[in-house]
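Reviewing the structure listed below.
Please read these numbers as outputs of a predicted model, since none were measured by experiment.
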Amino acid sequence: MSHIGVNTTQRVGFLLLAGFVSLLAVAALSGNGSGGSDGSVAAVPHKTAPDRLVVGPGEEYQTINAALEAAASGTIVEVKAGIYPETVLISAPVILEPFGDGPVWIDGDCERDTGIWVYSGAAVSVAGLGVRNTNGAGVLIGNTGDDAQPPNHVTIDGLTIQDFNCSESDVQANAGVAVWHARCCMTIINNTITYRTSGDVHGRGDGIWFKSTDETPSGGSHIISANRITGGWDGIGGEAEDEIRGSFDSHSTIQDNVIKDCWDDGIQVEGGNENTRVRRNDISGCGTGIAFAPTRVGVLDIKRNIIHDLAVGLYENQFCFKVGGDGQENGVVHLTENLCDTEGDGIMHTNSGLPAIVSRGNCFLVTRYVLQIGAELPAGTSFDEDTMWTSDPERFVSWKGNIYDNIRQFQTTGEESSGVESRDCPIEF
């Protein structure tokens with residue numbers, strides 16, 4: 001559908017500003033190379049540090065793994081342009097990046113499970129490489145069992161990852177980047193992740209996927225920022241969804257990502273969500289924009305995201321926000337100044353139970369219900385100052401079993417006393 005109530009200039013202006021801020025953030029965090037928008041991998045100027053090993057034709061090391069086996073902690077391993085048919089194994093603090101003479105591809109040939117596997121160690125940095133054609137995850141962090149020290153403080157910066165999950169298996173963890181029971185402080189920034197470069201873009205692997213549980217928590221403090229994700233299952237998601245230390249655990253930030261054409265959720269942020277932020281993401285073409293069912297702890301801060309032009313997902317879902325729980329949640333979600341501009345619904349209650357939702361200053365511009373809430377609301381729930389509009393005159397709000405045709409009727413519930421029924425969004429994006 002067309003972008004109801006928000007003009008193109010506003011949207012482009014916001015995206016340019018968000019992109020500029022993201023680039024500054026990424027530069028501050030890393031300074032490493034990035035993947036090209038055309039699927040190529042940008043060259044990274046090589047360093048002259050004495051602890052530098054070079055891989056490639058004419059060099060002592062012909063494979064990346066050979067150089068890594070010889071590398072001491074802190075070594076910079078630089079890879080010359082070419083195609084490397086290997087699974088790269090990293091277990092020590094190293095920096096892995098291109099030499100700077102052209103694109104580098106780690107190619108699984110749809111035979112090897114993983115392109116890069118960081119299975120142990122701390123302070124690992126991988127930047128600027130290309131990974132393609134893996135049966136499972138393009139980049140795997142962790143998943144080493146009980147005998148190895150789980151990796152922590154790993155940075156994945158500026159990779160081009162494409163055509164992963166060649167096996168087409170029904171496993172979301174066959175992702176562009178999969179983080180399995182690793183420890184704290186994963187930094188996944190500025191990557192271009194494409195499920196399929198040709199044909200149907202939908203599939204079961206996520207763009208970025210995290211695994212954390214109450215039994216083996218990650219420790220949180222993850223940063224997922226400025227990635228461009230196309231296709232797959234969830235753009236950004238994880239497990240365990242119903243545990244306090246699940247998915248992204250706590251104190252994590254998901255911001256400034258551009259996600260499109262995923263089959264289910266653009267961002268699935270479900271679990272404890274303690275002090276977790278989801279900000280300034282642009283989501284389109286997915287079935288659901290942002291899912292937070294359940295939020296067991298919070299505060300989950302969802303602010304200034306743009307969700308637009310959603311498509312019908314595998315489960316016939318087409319709504320901006322999925323809410324709900326499992327009857328155990330006591331969390332709080334702040335929903336602030338987001339734009340929901342799409343065919344379909346605004347907020348859809350899909351699971352039993354609810355966290356407390358504090359909604360302020362959002363714009364809901366839809367073709368079905370603005371809100372569908374089907375349960376008693378916990379203490380602390382409050383909807384106000386939102387702009388609400390639907391093109392369907394028979395569907396405005398479905399609230400605890402009652403249908404309200406307009407905002408005046410809905411205000412009799414005590415909600416949206418300062419809300420506005422309008423197709424014009426007052427927020428500058």
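Side-chain contact, H251 with N275: a donor N or O sits under 3.5 Å from an acceptor N or O. No side-chain N or O of T160 forms a donor-acceptor pair with one of R132 less than 3.5 Å apart. There is a side-chain donor-acceptor pair under 3.5 Å between T295 and N273. Between the side chains of N281 and R304, no donor-acceptor pair of N or O atoms lies under 3.5 Å. Looking at D163 and T197, their side chains do bring a donor and an acceptor atom within 3.5 Å of each other.
Residues V55 and Y84 approach most closely at O-OH, 3.7 Å, considering heavy atoms. Of all the heavy atoms in C262 and D265, the pair that sits closest is SG-O, 3.5 Å. Summarising the geometry of M388 relative to V370, their closest heavy-atom pair is CE-CG1, 3.6 Å, with the distance given to 0.1 Å. Minimum interatomic distance between E270 and A291 (heavy atoms only, all atoms of both residues): OE2-CB, 3.4 Å.
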Q: Please report the C-alpha distance between R368 and D392 in whole Å, then the side-chain angles of each, then the deciding distance to 0.1 Å, and finally whether the salt bridge (charged side-chain N to carboxylate O under 4.0 Å, His left out) criterion is met.
A: CA-CA 6 Å; R368 296 197 299 247; D392 190 334; over 6 Å; no
(Q) Run C340 and C363 through disulfide bond (SG atoms under 2.5 Å apart) and show every step you take. (A) CA-CA 6 Å; C340 167; C363 290; over 6 Å; no
Q: Check step by step if salt bridge (charged side-chain N to carboxylate O under 4.0 Å, His left out) holds for D301 and R277.
A: CA-CA 5 Å; D301 183 24; R277 301 183 298 175; 5.9 Å; no
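The line from CD1 of I229 to SG of C286 is 9.5 Å long, rounded to the nearest 0.5 Å. Note: D113 CG to T87 OG1 = 7.5 Å, rounded to the nearest 0.5 Å. Y195 OH to N174 CG: the interatomic distance, rounded to the nearest 0.5 Å, is 8.0 Å. The CD1 atom of I403 sits 9.5 Å away from the CZ atom of R395 when rounded to the nearest 0.5 Å. In this structure, CG in N133 is found 8.5 Å from CH2 in W105, a value given to the nearest 0.5 Å. I259 CD1 to D282 CG: the interatomic distance, rounded to the nearest 0.5 Å, is 9.0 Å.
Using modelled atom types, one side-chain atom of N227 and one backbone atom of N191 make a donor-acceptor pair closer than 3.5 Å. Side-chain N or O atoms of D101 include none that pairs as donor or acceptor with a backbone N or O of K80 at under 3.5 Å. Between the side chain of N65 and the main chain of T63, no donor-acceptor pair closer than 3.5 Å is present. No donor-acceptor pair under 3.5 Å is formed between the side chain of T390 and the backbone N or O of Y369. For S252 (side chain) and F248 (main-chain N/O), a donor-acceptor pair under 3.5 Å exists by modelled atom type. Listed for the R296 side chain is a donor-acceptor partner under 3.5 Å among the backbone atoms of D242.
For the pair R280 and D256, the salt-bridge criterion is met [side-chain N within less than 4.0 Å of a carboxylate O]. Ionic pairing of R245 and D214 is not present here: no N-O contact between side-chain nitrogen and carboxylate oxygen is shorter than 4.0 angstrom. For E337 and K303, the salt-bridge test fails: no basic side-chain N is under 4.0 Å from an acidic carboxylate O.
Using cut-offs of 30° and 60° on the angle between ring planes, the pair W233 and Y315 is perpendicular. Taking the six-membered ring for Trp and thresholds of 30 and 60 degrees, W180 and W209 have ring planes inclined between 30 and 60 degrees apart. Between W263 and H202, the two ring planes are parallel [angle under 30°; tilted spans 30° to 60°].
The 12-atom threshold is not exceeded at NZ of K260, counting heavy atoms of other residues, nucleotides or ligands nearer than 6.0 Å.
Checking T336, N338, N305, T387 one by one against N362, the side-chain hydrogen bond (donor to acceptor under 3.5 Å, both in side chains) holds for a single residue, N338.
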